[in-house]
Peer 1: 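The structure's right below; bear with me while I get my questions together.
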Amino acid sequence: MKDLSVIVPLYNEEKVFKTLLDRLLAAISNINFEVILIDDGSTDGTYNLILEASEKDKRIKGIIFSRNFGHQAAVSAGLDIADGELVLIIDGDLQDPPELIPEMIKKINTGYDVIYAVRKNRKENFLKRFAYSFFYKLMGKISKDIELPKDSGDFSLIRKKVVSAMKELGERNRYVRGIRAWVGFKQIAFPYERDRRFAGTSKFSFRKLIKLAYDGIFSFSYFPINFISFLGGFSFIVSIIGIFLVLYFRLFTDRNIPGFASLAIISLFLGGVQLLSIGVLGEYIKRIYDETKRRPNYIIKKTINNDK
Ligand code: UDP
Ligand code: MG
């Protein structure tokens, strides 16, 4: 068994690849390690680079997906084959500096099971920073089960027993950092400066980010469904009050309540509430549907240097 498994998801990262490997291998050179590179359906030269690197160094393993399944699936695939006593998840674009690994190992050995890195400040643009900060605030408020640390990503060092527990959660639409927080054990934050992406552009489209945020919210919180019950209850109470008011005006006064505008507003409001509620229900049903289909989270086309 290895002392350390390093999991690196890669999607069209040919520009970063060489520097990434150099810096990573230098940082862990005196450790008995394996590096697991996951090619998440890259369409550039990433696959050939993985092939080349793994031929030269048998400690470098490759998992080649049959298509792009997404970052979370790639990380999950890495966790599935990782064999080390400690497992590290790190982005492939050098935003998470590999040079921090020895420090993280030192820290975990002072008696922890998980070290999760937390970004001290973000170097993304204003809009992205605002969106992230809003998301983590919301998550913090609405997920009661787990304490999802603000600004923690997937960059983390995890003990084998925790990885085993994480694998027990066989859910689809995986939100790895939520799963990691959910399983418990002794976890501690590790603040760090997140660098700019070394080369290339972000592989997270707006759509993928929204999907990630949805997975976080709907997989780890009942808040949306509680909220629509609340909206339902609220409109019910308002309508009861409305009924009594109308009856009162009708029976005891000779005031006539003018109709059209208020009717239009009320029915628009209720229509909106209903559509929103159906949408929220749909989000949960989608997830139930995904669970019942039991499709795998990813398909592997080929593995390299994996003798397990
Ligand atoms: N990634 C992946 N599959 C995807 C999108 C991204 O494996 O569909 C990888 C990517 O190659 C990188 C990591 O996930 O190593 C983080 O992606 P990125 O840096 O593009 O995200 P950002 O830092 O912009 O949120
Ligand atoms: Mg990045």
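The first residue of the sequence shown is numbered 1, and numbering continues consecutively from there. Not measured: the values here are computed from a predicted model.
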Peer 1: More than 12 foreign heavy atoms under 6.0 Å from NZ of K56: is that the case here?
Peer 2: no
Peer 1: Sequence neighbours left out, what passes ring pair (Phe, Tyr, Trp, His ring centres under 6.0 Å) with Y289? Give chain and number order.
Peer 2: none
Peer 1: Do E34 and K61 sit within salt-bridge range, that is, some charged N less than 4.0 Å from a carboxylate O?
Peer 2: yes
Peer 1: For G62, does its backbone N or O pair with a side-chain atom of S54 as donor and acceptor, under 3.5 Å?
Peer 2: no
Peer 1: Can you confirm whether F130 is buried at CZ, in the sense that more than 12 heavy atoms of other residues, nucleotides or ligands lie under 6.0 Å from that atom?
Peer 2: no
Peer 1: Give me the other members of the hydrophobic cluster that M1 sits in, counting Ile, Leu, Val, Met, Phe, Trp and Tyr linked by side-chain heavy atoms under 4.5 Å, directly or via other members.
Peer 2: none
Peer 1: Do R194 and Q95 pair up side chain to side chain, a donor and an acceptor below 3.5 Å, judged on atom types alone?
Peer 2: yes
Peer 1: So does P224 get a backbone contact from the side chain of E283, meaning a donor-acceptor N/O pair under 3.5 Å?
Peer 2: no
Peer 1: Taking only residues two or more places apart in sequence, or in another chain, which ones meet F17 in a ring pair (Phe, Tyr, Trp, His ring centres under 6.0 Å)?
Peer 2: none
Peer 1: Would you say R172's side chain and G170's backbone share a donor-acceptor pair under 3.5 angstrom?
Peer 2: yes
Peer 1: Considering only Ile, Leu, Val, Met, Phe, Trp and Tyr, and joining two whenever side-chain heavy atoms are under 4.5 Å apart, list the other residues clustered with F234.
Peer 2: V238
Peer 1: State which residues pass salt bridge (charged side-chain N to carboxylate O under 4.0 Å, His left out) with R250; sequence neighbours excluded, sorted by chain then number.
Peer 2: none
Peer 1: Checking Y112 now: which residues fulfil ring pair (Phe, Tyr, Trp, His ring centres under 6.0 Å) with it, not counting sequence neighbours?
Peer 2: none
Peer 1: To which residues is I288 joined in a hydrophobic cluster, defined by side-chain heavy-atom contacts under 4.5 Å among Ile, Leu, Val, Met, Phe, Trp and Tyr, whether direct or through other members?
Peer 2: none
Peer 1: Clusters formed by hydrophobic residues whose side-chain heavy atoms approach within less than 4.5 Å: which one holds L263, and what are its other members?
Peer 2: none
Peer 1: Could you list all the side-chain hydrogen bond (donor to acceptor under 3.5 Å, both in side chains) pairs where at least one residue sits in residues 69-79, not counting sequence neighbours?
Peer 2: H71-D91, Q72-D154, S76-R174
Peer 1: Measuring centre to centre across the rings, with the benzene-like ring taken for any Trp, is Y116 within less than 6.0 Å of F155?
Peer 2: no
Peer 1: Inspect the contact between D93 and R196 and indicate whether a charged nitrogen and a carboxylate oxygen are less than 4.0 angstrom apart.
Peer 2: no
Peer 1: Strictly distance-based, threshold 3.5 Å: is any side-chain N or O of S267 a donor or acceptor partner for the main-chain N or O of A264?
Peer 2: yes
Peer 1: Checking S42 now: which residues fulfil side-chain contact (heavy atoms from CB on, under 4.5 Å) with it, not counting sequence neighbours?
Peer 2: Y11, N12, D39, D44, T46
Peer 1: In terms of the angle between their ring planes, are F65 and Y298 parallel, tilted or perpendicular, with boundaries placed at 30° and 60°?
Peer 2: parallel
Peer 1: Run the side-chain donor-acceptor check on residues 207-215: report pairs under 3.5 Å with partners two or more places apart or on a different chain.
Peer 2:
unit_1 : atom_1 : unit_2 : atom_2 : d
K208   : NZ     : N68    : OD1    : 3.2
K211   : NZ     : N173   : OD1    : 3.1
K211   : NZ     : D215   : OD1    : 3.3
K211   : NZ     : D215   : OD2    : 2.7
D215   : OD1    : R287   : NH1    : 2.6
D215   : OD1    : R287   : NH2    : 3.4

Peer 1: Provide the full list of side-chain hydrogen bond (donor to acceptor under 3.5 Å, both in side chains) pairs with a residue in residues 20-31, sequence neighbours left out, each pair given once.
Peer 2: K18-D22, R23-E99
Peer 1: Has D113 got a side-chain atom pairing as donor or acceptor with R159's backbone, closer than 3.5 angstrom?
Peer 2: no
Peer 1: Would you say CZ of F185 has more than 12 non-hydrogen atoms from neighbouring residues, nucleotides or ligands within 6.0 angstrom?
Peer 2: yes
